[in-house]
Every structure is written in C-alpha cells, then in structure tokens.
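To start, the structure under review is shown below, and the notes come after it.
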Amino acid sequence: MADIGTPPKVRVLVVDDSSLVRLYYMSALEKAGFVVEQAINGIEAMEKVLSEPFDLVIVDVNMPRMDGFTFLRSLRCSAADVAMLPALMISTESGMQDVAEARAAGANFYLVKPVADTELVRHVCILTGVAL
Amino acid sequence: MDLKGRASHGLHISPEDVQRFCEFLYRRTGMSFTEAKRYFIDRRLEDRMTATGSSSFQAYFSLLRADADHEIEHLINSFTVNETYFYREDHQLRCMTSSLLDVITSQKKPGGTVRIWSVPCSTGEEPYSIALWLMENWPQVDSYNIEIIGSDIDTRALKAAAEGIYGDRALMRLSPDLIDRYFRLVAHGGHQIDEGLRNSIEFTRANLIDSNDMAPYRDFDLIFCRNVLIYFDDASRRQAAENLYGCLRPGGYICLGHSESMSRISPLFRVARFPDAIVYQRPEADDG
C-alpha cells in the first residue's frame, strides 16, 4: 500500500449509503494517509463539497434521495472551483451503458465493485496526483 | 464466598420462594434456574432488593409482580450474563466469509441487501466483530448493502453496546493494528469503537422466546445465536428455535455456540457442514 507520508493532506470525500462500505473505503484510505470525509447520499455530498475543499470525490451510483449520477451532474454545474473536482464513481453496475452514463454525468473514472483496498488506494493516488 | 453464610446474613428466602421466583423468571425470559444456582440467584436478588429498598423477599416479589418502576426489566438485566469478547469463536466468522456469504450472495444481485442478526448481542462485541471481520476479510464487502442488527433482552447491555466502550480483556483477540484503526482511547483506559461502526449497527431489544417480540425480525440471511440456548430449558429452547426459524429467510443460516446443537432442540433445521464450522440452515422449501 502506498505510504504518502504526512504533508500535504489530500482530502477525499466518500459518498455511499452503506455505512459499512464508507467505513471500508475510509479505513483503506486513512491507512494510506488520506484525510477522508463521508456523506450518505448526493444531497449531503453537495453540502460538503460546497462548504469544504476536497481533492477527490468517490461516489456510489444507487443511493436514496439523490443518486450518484444526479450528484455528478449538479457538481459539474456548480461554481468553477467545485465543478472541477475529480470524481471516481464506484458501482455494482458493470454494463457498458452504466459506464457511458457515468462519463456523461461527469465521472473521471469508473470502477466496478468489489474494489480491493489496494486497488482503491492506487486509483485515488492516480486521480489526486499523489506518488504511489 | 461462603454460600450458607451469605444466605444467613442477607436474604431469608425459603426454597418454596426460590421456586416461585424461578418460575416467574422462567415465564418472563425462558431462563431456567434451579435451587442449584442458589448463590447466583441470591446475589442478584440481594442487589435488586437493595436497589428497590425492599425489606423482605415478599415485599420485593410483590413489587416485581406489579412491575413497579420497570422492575422486571431491571431484574432481567441483572440475570443476563454479558461476559464476551471480540472475535470470539472466530472459526464461525471465518466460515461466514469463506463459505456462507458465497452461498447467500449467489442468490442476490450485486448491490442487494445481506441481513445479519446477532442475538443476543450482549454489550456489542459480537455484532461489531461481524462488521470488523467483514471489512477485513470479505473482498465483496462493498458490493452488498450489509445490514447488521444486534438485539438483546438486556436493555442495560444494549445501552453499553451503543456506546461501544471496551476494556482490554474484550479486545484481547484483536491485533494492535485493528485496535489502532478502529478504536480510540477514552477515560479510565477504555477503548471506544469507531463512530462509523457504531452507526452501522442497529441495536434493538428482543426476547428470544416471545413470539410477538420476534415477529418483526424477518428475512435474515444469517443469524448468530451463540451461548444463550444453554440457559434455557427444553421447552424454551424449542420455542426459541421456532422463533429463529421464522426470522430466517428460506435457505438462511444460523450459528450456535460451540456446546449447542440445534439437532437436539428442533428438527426444523438442516445441518450444514463447511470447512470452518458446522452451522444450521433453514431449508429452502418447507417440505416438512
């Protein structure tokens, strides 16, 4: 697993309705040195990204109240500094159409669950420009 | 401690009174105590009589039957045994991630819900262990919506479970790395489990032998019901087994404690042998 040392603190927002999934991702990322915040759906995620700076958002597709696609579309329509936020979409849906819809909504990368902790950290490092 | 001395200094309860009391407790909880457990009974009765200011067993028993100030609940709390620790009987946890969940999820779509019930959950060590074990050992943990519910008859234990603060003894089977990642030090040398983990488990009160109490608990894929049936007599065990059967979805599994055997209790379940453990299964079809 990558050891990125102390500074700079790279901040990641994990958005998933399953508390155990959030915890699983958070645990892997915190162990690798990232600072992780969490949100339970798209609405909470929008509040977070509008009020705090992040370097990456990891977002699930199927969530109650506001799903991942809707969240990404809202994100990309926000003020420039927020709209530029890189997004990694992670979903159980593996169809070509799902990937295409994620790209259209504004995802920078798409992973299909299950995602091993080492894979997650590797992709987060790449998307945030942190040395592996 | 001297059993006779204690009885003569403290309580003056006749064997008939003990029997009445035990019958009352049995009807309410299914827990079966006899005169042979006199020391255990006396200690708890003495505590409750002091707490309620009862001057005699008769006074206390009247108060108990009237359920004054929820005394039945207080009494049950004092009679339950809440001694456990994280990763207890971990061969069953290994069985869960190496065998059971493969079978369970083979019938579900990715993203589907897997329901796991820890009953009785005591002070939370078991449901938290299940969650920790899943995150550390099940590669598909992010592919399903995992619901873990912890239930117990003891409301005091449930409160402690929700707080999630443990001493060193409860954590003795966990690696320093796990403790470091999922617990934080709190006052008096306690370790409080991660807030995310505390929020990921729902704690509820349930009485295993009460069919009405058990009715809302349905469609579980996996139940951990360990080391409680040993406290029940045959009739209560059968009742608990029937209730648990109704709580499982067809094809669901139940793990019992190492000294417990469902085959001796009820014919409803099928023995399922896996490399790491023997568990019991509600058959897919109720073919009698």
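Letters go in sequence order (proteins before strands), and every chain restarts at 1. Keep in mind it's a predicted model, so treat the numbers as computed, not measured.
Remark: Glu119(A) CD is packed, more than 12 non-hydrogen atoms of other residues, nucleotides or ligands lying under 6.0 Å away. For Met172(B), the CE atom counts as densely surrounded, since its 6.0 Å shell holds more than 12 non-hydrogen atoms of other residues, nucleotides or ligands. Other residues, nucleotides and ligands place more than 12 heavy atoms under 6.0 Å from the NZ atom of Lys108(B). Residue-environment remark: CZ (Arg173(B)) exceeds the threshold of 12 foreign heavy atoms within 6.0 Å. By the neighbour-count criterion of 12 heavy atoms within 6.0 Å, atom CD of Gln97(A) is sparsely surrounded, having that number or fewer from other residues, nucleotides or ligands. No more than 12 heavy atoms of other residues, nucleotides or ligands sit less than 6.0 Å from atom CZ of Arg65(A).
The candidate with the highest count of non-hydrogen atom pairs below 4.5 Å against chain B, out of Ile90(A), Asn62(A), Val115(A), is Val115(A). Heavy-atom pairs under 4.5 Å with chain A peak, among Asp177(B), Asn145(B), Leu134(B), Val141(B), at Val141(B).
Here the straight-line distance linking atom OG of Ser18(A) with atom CD of Glu147(B) works out to 9.0 Å at 0.5 Å rounding. Separating the CG atom in Leu23(A) from the CZ atom in Arg198(B) is a distance of 11.0 Å, to the nearest 0.5 Å. Atom-to-atom distance recorded for Lys109(B):NZ and Glu93(A):CD is 8.5 Å, nearest 0.5 angstrom. Atom CG of Asp117(A) sits about 8.0 Å away from atom CD of Glu136(B), to the nearest 0.5 Å. Here the CG atom belonging to Leu20(A) is positioned 7.0 Å from the CG atom belonging to Leu197(B), to the nearest 0.5 angstrom. Residue Tyr24(A) holds its OH atom at 14.0 Å from CG of Leu132(B), rounded to the nearest 0.5 Å.
Heavy atoms closer than 4.5 Å to chain A are found in the side chain of Tyr182(B), but not in its backbone. If you measure heavy-atom distances from Asp180(B) to chain A, you find no contacts under 4.5 Å at all.
The two atoms that bring Thr92(A) and Ser143(B) nearest to each other are CG2-O, 3.4 Å, heavy atoms only.
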Applying side chain to side chain contact (heavy atoms under 4.5 Å, CB included), run through Arg181(B) and Ser27(A) and close with a yes or a no. CA-CA 7 Å; Arg181(B) 280 161 56 207; Ser27(A) 174; 3.0 Å; yes
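Put simply, the side chain of Asp142(B) never gets that close to the backbone of Val21(A): no donor and acceptor are under 3.5 Å apart.
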